[in-house]
Structures are given as structure tokens and as C-alpha cells.
Amino acid sequence: MFRVTREIEFCYGHRLLNYDGKCRHLHGHNGRAVITLEGPRLDSRGMLVDFVDIKKTVQQWIDDNLDHNMLLCRDDPILPVLEERGERVFVMDCNPTAENIARLIYEHTKEAGLPVVEVVLWETEHCFSTYASPR
């Protein structure tokens with residue numbers, strides 16, 4: 001089995017609903033997504049997936065949708081205020097936790113046709129969440 005991994009750094013803001021800690025307030029992170037692809041065969045070039053192709057599909061999507069953006073749950077009461085003021089907002093159906101952001105990136109990568117097996121989202125230097133395909 002072959003694996004390739006690409007790391008993508010991006011900045012984002014969020015806050016968590018139904019949470020009693022500091023993360024209930026608007027705040028930001030310098031995040032790092034680590035995307036791992038896996039497959040049994042290499043192409044005619046000897047590659048599982050070209051790193052450039054990962055950059056074109058996944059990094060471009062992160063840059064366009066998540067980087068320097070506020071990630072908020074659809075139910076967040078501040079959402080209409082930010083939208084009315086023209087702020088960049090990425091609306092999620094769920095709380096924008098590290099776990100859910102990792103799953104979001106995983107699902108986009110899969111929908112793009114890449115053989116993703118795992119996405120690790122480093123929210124801080126010491127904290128990360130992982131979303132992986134079922135084995």
C-alpha cells in the first residue's frame with residue numbers, strides 16, 4: 001500500500017455553541033491540515049497522486065473557503081450580523097469543532113476523487129483531531 005501526505009496551513013476563526021469554556025467566544029487559530037491519501041497502485045509516472053494535484057484540489061479549496069474565514073454553525077445567532085456586514089463566513093451544519101473541520105476537509109477531498117484515508121487538523125501546536133475512513 002502506498003501513502004502520500006500533504007500539509008496545508010491556513011488561518012481561521014470560529015466559536016463553539018453550547019460550550020462553557022473560552023471557545024464559546026469568537027477567536028482564531030493558525031491551523032494545519034495533514035491530508036493522507038492511500039492506494040495499492042502507482043500511475044505510469046510512479047506516483048499515487050501528484051502533490052501538485054493535491055494542491056490544486058484540496059489546498060485551493062481550503063484557500064477559497066476556509067483560510068482567513070469565520071467558520072460558524074448555521075444556528076449561531078451572530079451569523080446574520082456578520083453576513084449583513086459583508087464579513088467572510090463559512091457556514092457549517094454543525095458546530096465548527098476541530099473534529100468537524102477535519103471531517104469537512106476529508107469529505108471535500110473524497111468528493112474531489114482523491115483516495116483520502118485520513119485528515120488530521122492541528123488546531124494549535126499541541127492539539128489535533130483526526131477523521132479517517134472506516135477500516
Side-chain angles (χ1 to χ4, degrees):
M1 198 61 66
F2 297 96
R3 283 185 170 209
V4 295
T5 300
R6 181 162 184 113
E7 294 187 13
I8 300 168
E9 294 179 349
F10 64 106
C11 301
Y12 67 96
H14 71 155
R15 76 170 179 178
L16 302 181
L17 299 180
N18 305 314
Y19 186 77
D20 290 331
K22 292 191 288 186
C23 291
R24 72 179 183 269
H25 302 290
L26 293 172
H27 65 284
H29 293 283
N30 293 317
R32 181 168 47 105
V34 182
I35 296 103
T36 301
L37 312 179
E38 180 180 277
R41 290 183 263 327
L42 302 179
D43 65 16
S44 62
R45 303 168 297 177
M47 297 179 180
L48 176 65
V49 176
D50 190 341
F51 292 116
V52 172
D53 293 335
I54 302 169
K55 181 177 182 176
K56 284 181 189 174
T57 54
V58 184
Q59 184 164 347
Q60 187 63 54
W61 182 83
I62 288 174
D63 288 349
D64 291 346
N65 293 282
L66 305 181
D67 187 42
H68 285 81
N69 209 343
M70 186 63 63
L71 284 58
L72 295 174
C73 177
R74 177 173 314 288
D75 299 330
D76 195 312
I78 202 164
L79 181 60
V81 175
L82 294 176
E83 289 177 326
E84 179 182 302
R85 295 185 185 277
E87 293 293 333
R88 285 191 74 205
V89 180
F90 185 91
V91 180
M92 298 177 64
D93 290 330
C94 52
N95 227 3
T97 61
E99 295 89 340
N100 284 327
I101 297 167
R103 180 178 59 190
L104 176 72
I105 295 168
Y106 176 97
E107 289 172 349
H108 170 75
T109 305
K110 186 124 183 116
E111 288 169 12
L114 297 175
V116 61
V117 292
E118 180 178 87
V119 171
V120 177
L121 179 72
W122 285 87
E123 188 171 80
T124 70
E125 184 179 332
H126 303 286
C127 301
F128 67 89
S129 290
T130 301
Y131 187 84
S133 57
R135 295 275 182 205

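One-based numbering along the sequence shown.
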What pair of heavy atoms forms the shortest contact from Tyr106 to Ser133, and how long is it? OH-CB, 2.8 Å
Look up atom OG1 in Thr97 and atom CG in Leu16, then write down how far apart they are to the nearest 0.5 Å. 7.0 Å
State the CG-CG distance between Asp76 and Leu71, to the nearest 0.5 angstrom. 11.5 Å
Of all heavy-atom pairs linking Gln60 and Lys56, the shortest is CB-O, 3.1 Å
To the nearest 0.5 angstrom, please state how far the CG atom of Leu72 sits from the CD atom of Glu83. 8.5 Å
Any chance you could measure Ile78, atom CD1, to Met70, atom CE, to the nearest 0.5 Å? 8.0 Å
Under the criterion side-chain contact (heavy atoms from CB on, under 4.5 Å), I'd like the reasoning laid out for Thr36 against Val4: C-alpha separation, chi angles, the key distance, then a yes or no. CA-CA 6 Å; Thr36 301; Val4 295; over 6 Å; no
Test your reading of the model: is there a side-chain donor-acceptor pair from Arg85 to the backbone of Leu82, 3.5 Å cut-off? no
Look at the side chain of His27 and the backbone N and O of His25, then say whether any donor-acceptor pair between them is shorter than 3.5 Å. yes
Ile105 and Phe10: side-chain contact (heavy atoms from CB on, under 4.5 Å), yes or no, with the steps? CA-CA 12 Å; Ile105 295 168; Phe10 64 106; 4.2 Å; yes
Please say yes or no: joined through hydrophobic side-chain contacts below 4.5 Å, possibly via intermediate residues, are Leu42 and Val49 part of one cluster? yes
If you take all heavy atoms of Arg88 and Asp64, which pair is closest and at what distance? NH2-O, 2.8 Å
Under a 3.5 Å distance rule, please check whether Asn69 uses its side chain to pair with a backbone N or O of Val89 as donor and acceptor. yes
A side-chain contact here means heavy atoms from C-beta on lying under 4.5 Å apart; do Arg15 and Arg24 qualify? no
Rounded to the nearest 0.5 Å, the SG atom of Cys73 sits from the CG atom of Asn95 at a distance of 5.5 Å
Reported CZ-to-OG1 distance for the pair Arg6 and Thr57, which is rounded to 0.5 angstrom: 9.5 Å
Does Asp43 CG have over 12 foreign heavy atoms under 6.0 Å away? yes
Would Ile54 end up clustered with Phe2 when hydrophobic side chains under 4.5 Å apart are linked, directly or stepwise? yes
Leu104 with Val91, same ILVMFWY side-chain cluster at under 4.5 Å: no
Compile the donor-acceptor pairs under 3.5 Å between side chains in residues 116-125 and protein atoms, sequence neighbours left out, one pair per line.
{"unit_1": "Glu123", "atom_1": "OE2", "unit_2": "Tyr12", "atom_2": "OH", "d": "3.3"}
{"unit_1": "Thr124", "atom_1": "OG1", "unit_2": "His126", "atom_2": "N", "d": "3.2"}
{"unit_1": "Thr124", "atom_1": "OG1", "unit_2": "Cys127", "atom_2": "N", "d": "3.1"}

side-chain contact (heavy atoms from CB on, under 4.5 Å), that's the test. Do Ile35 and Ile8 meet it? Break it down for me. CA-CA 8 Å; Ile35 296 103; Ile8 300 168; 3.6 Å; yes
Examine Leu17 and Leu79 and state if one hydrophobic cluster contains both, with Ile, Leu, Val, Met, Phe, Trp and Tyr joined whenever side-chain heavy atoms are less than 4.5 Å apart. no
Got a donor-acceptor contact below 3.5 angstrom from the Arg3 side chain to the Gly39 backbone? no
Are Leu37 and Trp61 connected into the same hydrophobic cluster when the rule is that any two of I, L, V, M, F, W, Y join if their side-chain heavy atoms are below 4.5 Å apart? yes
Evaluate the side-chain contact (heavy atoms from CB on, under 4.5 Å) criterion for residues Leu114 and Val58: first the C-alpha distance (whole Å), next the side-chain angles of each, then the deciding distance (0.1 Å), finally the verdict. CA-CA 9 Å; Leu114 297 175; Val58 184; 3.9 Å; yes
Treating Asn100 as the side-chain partner and Pro96 as the backbone partner, does any N or O pair qualify as donor plus acceptor under 3.5 Å? no
Within-4.5 Å side-chain heavy-atom neighbours: Glu38 and Pro115: no
